[in-house]
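These values consider heavy atoms only, across backbone and side chains, with no hydrogens, waters or symmetry-generated copies. Computed from a predicted structure; not experimentally measured.
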Amino acid sequence: MAQNGSNSTVKLLGTWSSPFALRGRIALHLKSVEYEYIEEADVLKSKSDLLLKSNPIHKKVPVLIHGDDSICESLNIVQYIDEAWPSKPSILPSNPKRSRHCSFLGSLRRRKGDKQSIDAVAGAKDDAGRMAVLEEAFQKSSKGGGFFGGESIGYVDIACGAIVGPLSVIEAFSGVKLLSPDAIPGLVQWAERFRAYEDVKPYMPTVAEFVEFAKQKFNVQ
């Protein structure tokens, strides 16, 4: 249960290149929450004492620290923020049925290896199949709006939008166009709107920044 967020210190531990940390930053911005962002400069090689203390089991970012509570896993963090700061805009819809649907769609974009990967949920066998599933979900959920949540971003947009940057890196290195206007026109337009959204743009690295980071990380040209 999320505590009321009004009077407690808030910190977010992350790395600039992490799509999962991006989710927390977007949610905090949407709720106009004042917080301290702590960059873990090279979390693969060195972890701060605060990270080890706040996430002793997995030792990974992001971690949201709210008062005496530490919340791990990016989608848990997004949901916690929505509950702890119930002011508008809402991230998860108030309608229970719609909220469950959003949670299901959000699970489609969990990273490979999670218990509910898109393969397990939707039966898709390749990247094209995954994107087709999301295209269909977008068309149904957006109801003619620009985002999964309608006219403004919500839980599913944050869950799915965080991987727009990494997808661009995959396209750059593989030469395979995952966001194809011919195959998934709705998602392609949605991705551009998401990048440009005022609550997203300050935190979303550019494609060039993502590509350069990947080159350095994996030692490729």
Side-chain angles (χ1 to χ4, degrees), residues 12 14-33 37 62 73-79 81-82 88-93 98-99 101-112 118 121-122 124 127-128 130-172 176-214:
L12 181 68
T15 62
W16 71 267
S17 59
S18 168
F20 308 110
L22 177 66
R23 289 169 173 165
R25 301 198 77 178
I26 293 170
L28 288 166
H29 192 121
L30 277 169
K31 292 291 189 174
S32 300
V33 177
Y37 175 71
E73 299 294 335
S74 60
L75 294 180
N76 291 340
I77 289 171
V78 172
Q79 185 170 353
I81 291 168
D82 196 41
K88 299 293 183 181
S90 295
I91 296 174
L92 276 161
R98 179 71 173 167
S99 182
H101 180 62
C102 284
S103 295
F104 170 78
L105 289 178
S107 74
L108 296 182
R109 287 315 313 165
R110 290 183 185 271
R111 59 193 172 193
K112 187 176 181 180
I118 191 169
V121 175
D127 287 328
R130 293 183 179 95
M131 302 312 291
V133 169
L134 283 176
E135 174 74 13
E136 181 180 359
F138 173 74
Q139 298 296 346
K140 290 181 178 179
S141 298
S142 63
K143 300 185 183 302
F147 299 95
F148 281 93
E151 294 302 329
S152 58
I153 66 172
Y155 179 82
V156 180
D157 298 285
I158 295 173
C160 297
I163 53 86
V164 169
L167 280 179
S168 300
V169 174
I170 294 172
E171 290 181 337
V176 176
K177 193 70 175 174
L178 299 176
L179 292 172
S180 169
D182 294 330
I184 48 171
L187 278 181
V188 170
Q189 295 174 20
W190 162 81
E192 292 304 315
R193 284 190 291 266
F194 183 81
R195 284 183 185 276
Y197 202 77
E198 62 180 355
D199 296 294
V200 175
K201 192 173 181 178
Y203 313 112
M204 173 74 83
T206 65
V207 173
E209 289 171 331
F210 270 126
V211 170
E212 185 60 31
F213 172 78

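S180 places none of its side-chain heavy atoms less than 4.5 Å from the side chain of V188. Residues I170 and V176 have side chains not in contact (no heavy-atom distance under 4.5 Å, counting atoms from C-beta outward). F148 places a side-chain heavy atom less than 4.5 Å from the side chain of S141. Residues F213 and P205 have side chains not in contact (no heavy-atom distance under 4.5 Å, counting atoms from C-beta outward). Between I91 and K31, the closest side-chain pair of non-hydrogen atoms falls below 4.5 Å. The side-chain heavy atoms of R23 and L75, taken from C-beta on, include a pair separated by under 4.5 Å. Looking at L187 and M131, their side chains come closer than 4.5 Å, going by heavy atoms from C-beta outward.
With F147 as the partner, the side-chain contact (heavy atoms from CB on, under 4.5 Å) test is satisfied by one option alone out of I158, V156, D157: D157.
Scanning for side-chain contact (heavy atoms from CB on, under 4.5 Å) contacts around S32 gives an empty result, with sequence neighbours left out. Remark: E212 pairs with no residue by the salt bridge (Lys or Arg N to Asp or Glu O under 4.0 Å) rule, at least two apart or across chains. Every residue was checked against the side-chain hydrogen bond (donor to acceptor under 3.5 Å, both in side chains) condition with R193, not counting sequence neighbours, and none meets it. With sequence neighbours excluded, no residue forms a salt bridge (Lys or Arg N to Asp or Glu O under 4.0 Å) with D199. Y37 meets the ring pair (Phe, Tyr, Trp, His ring centres under 6.0 Å) test with no other residue; sequence neighbours excluded. Under the rule for a side-chain hydrogen bond (donor to acceptor under 3.5 Å, both in side chains), the partners of S168 that lie at least two apart in sequence or sit in another chain are R195. In this structure, the side-chain hydrogen bond (donor to acceptor under 3.5 Å, both in side chains) partners of Q139, at least two apart in sequence or on a different chain, are E135. Every residue two or more places apart in sequence or in another chain was checked for a side-chain hydrogen bond (donor to acceptor under 3.5 Å, both in side chains) with Y197, and none qualifies. Looking at residues two or more places apart in sequence or on another chain, you find a side-chain contact (heavy atoms from CB on, under 4.5 Å) between T15 and S17, S18, E39, E40, V43, V61. Legend: residues meeting salt bridge (Lys or Arg N to Asp or Glu O under 4.0 Å) with E136, ordered by chain and number and at least two apart, are K140. Partners of P166 according to the side-chain contact (heavy atoms from CB on, under 4.5 Å) rule, which considers only residues two or more places apart in sequence or in another chain, are P19, F210.
You'll find the ring centres of Y203 and W16 outside the 6.0 Å limit.
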